[in-house]
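In what follows, every chain begins at residue 1, and chains take the letters A, B, ... in the order their sequences are listed. The shown structure was predicted, so the numbers you read here are calculated from the model rather than taken from an experiment.
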Amino acid sequence: MLDLLKPSFLEFQEFFYLASRALKNLFRKPHYWDDVLLQMDVIGVGSLPIVSLIGAFSGIVMALQMSRAVAQYGAASQTGTFVAIVLVRELGPVLTALLVAGRNASGIASEIGSMKVTEQIDAMRALGTDPTQKLVTPRMLALAVVLPLLTIIADFVGLCGGFLIGKFRLNISAAQYWNSAQQALVWNDVAQGLLKPFLFSFVISLVGCFYGMRTTGGTQGVGRSTTEAVVVSSVWVFILDVFVTQIFVNM
Amino acid sequence: MPDLSANHDSSSEEAVVVFDNVSLHFGETVALDQVSFRINRGQTWVFLGEAGSGKTQLCKVIMGLVRPDSGRVTVFGDEITSLGERDMFAIRSKIGMLFQESALFDSMTIEENVAYPLENQPVRHCGREQIHDRVVEALRFVELEQTLTKVPSELSGGMRRRVGIARATVTAPPLAIYDSPTAGLDPITANNIMAFIAKQRDLKGTTSVIVSHRYQDGVLMANYYYDEPQGRLVAATGDRLAAVRTTFVVMRDGRIVFLGPQTELEASTDPYVSKFGRR
Ligand SMILES: Nc1ncnc2c1ncn2[C@@H]1O[C@H](COP(=O)(O)OP(=O)(O)OP(=O)(O)O)[C@@H](O)[C@H]1O
Ligand SMILES: [Mg+2]
């Protein structure tokens, strides 16, 4: 475990080389739009059920927890405020990113990893395509679009979950709940709530592709890269989260 | 060890691939060690050698997929060792390569696999409309035109090799590299595959590089040619034999330990080399 978190300098350098190539490809022909759409479908539509489910549960659990905590101050009617702030700023982006990292960083790493060990990556190069352009850039682009959208959905479903608790357990009226939720959110919250998933998306897609591309050693190697991709991208999601939160708190 | 440079007798002919002291290492492992040779247009070269002797890496170096640590590689007159990845694509489009494990794209159908180089190489081979016809023609060449809509996992190993050959040759490249086309196949299927390779060579004039464990494959390439009217391989004699003249190379631990014609290979007294010169 510790070995995984101790990436060597060389590894970092290779990662940033891949990332810069993938970004440069955005401005270079050819563009594989079919692959972008396909990945949006695989990652976005595919993750929708699990992301909604977890979003709903986190809203419900948070409303329950908050209601007890704030009841001491006689502020149970403010449940909407707390749920909204915590979900939009923090839990929505991080939970969604972690789910997508578990589901898709692994998927990307194992797909590209198997292509690597069966020489399909070499075949791509031999037959006239740049694997970074054909495989990495479409995944990066698809995730950058899809992860903020998934986060918005998770936030919304979470707020609905909180609302159910508010209505049926705490007897808060619908108007009161949604008003307090709406008033709680300022543009700063929304901005960080969307910036975070946008940044996380690059970590997830690029780390997944990176470990896929450097896979060696047959099927065993594919398993290893898949694990590494999930662990490393999850850790970096948290590290990045701390930085972004720090910046917004100081604003 | 024979004097390797003595083989460069025909330096006036057009060189397709020239290796000049090429070495390649993976950490401690030596994959290629001071390899030099020159392949001229229209020639057939057969590379033999035990597992791990560097045959696959040699093919990948020609293709520009692996960059050697030292030495110069010239392909179609361009020194590729100093070229960037993007500049390689023009040269790669002149080379067809069959990978050792076929390396078909398993998320695509057979038709999409064979069409891939036509659609993706920067050199336009034909218009959109003609791609399908070209693909069918290439698959018919290897007698697999009925598999168009299948995916690679539905095919047998021998069929996948044939699709690999179709994909490698659909662009009619002047140079074709076949990495272990017969490995792991029964003798009948293996001979069929070799017949397709000889057919490609003799009908299209393709310069051919063949990697193999089986000496028979080399013997076949050196002594038979594809006769179009009869539609099969025929033993070559006289002028024909000279035309299908084949060079044999035996590799060991990344070094070339033998380079010469079939007669010399069979006469070799070196225990390692003669192991590959027996049918
Ligand atoms: N990616 C790699 N990393 C480390 N070593 C490698 C790698 N690829 C090849 N090698 C080493 O390079 C040497 C040559 O390998 P190569 O694949 O060219 O052998 P080969 O002659 O094609 O063998 P075979 O007949 O089994 O296909 C071997 O010792 C192999 O272990
Ligand atoms: Mg090999």
Kindly compute the distance separating CG (B/Asp78) from OG1 (B/Thr74), expressed to the nearest 0.5 Å.
-> 8.5 Å

Hey, could you give me the OG/CG distance between A/Ser47 and A/Leu149, rounded to the nearest 0.5 Å?
-> 12.0 Å

Using non-hydrogen atoms and a 4.5 Å limit, figure out which bit of [X] sits close to chain A: side chain, backbone, both or neither.
X        : value
B/Met63  : side chain
B/Leu104 : backbone
B/Phe89  : side chain

Which one wins on heavy-atom pair count under 4.5 Å against chain A: [options]?
options                               : value
B/Ser93, B/Pro117, B/Pro122, B/Ala168 : B/Pro117
B/Val66, B/Leu118, B/Asp106, B/Ile95  : B/Asp106
B/Glu101, B/Lys60, B/Met88, B/Met97   : B/Lys60

Going by the angle between their ring planes, with limits at 30° and 60°, are A/Phe12 and A/Phe16 parallel, tilted or perpendicular?
-> parallel

Give, as side chain, backbone, both or neither, the part of A/Arg21 having an atom under 4.5 angstrom from any heavy atom of chain B.
-> neither

Could you tell me which portion of A/Thr129 (side chain, backbone, both or neither) has an atom closer than 4.5 angstrom to a non-hydrogen atom of chain B?
-> both

Has B/Lys204 got its NZ or CZ under 6.0 Å from the middle of the six-membered ring of B/Phe141, at an angle within 45 degrees of the ring axis?
-> yes

Think B/Arg161 forms a cation-pi with B/Phe196, using NZ or CZ under 6.0 Å from the six-ring centre and within 45 degrees of its axis?
-> no

Take B/Thr109 and B/Leu148 through the side chain to side chain contact (heavy atoms under 4.5 Å, CB included) test and state the conclusion after the steps.
-> CA-CA 7 Å; B/Thr109 64; B/Leu148 275 178; over 6 Å; no

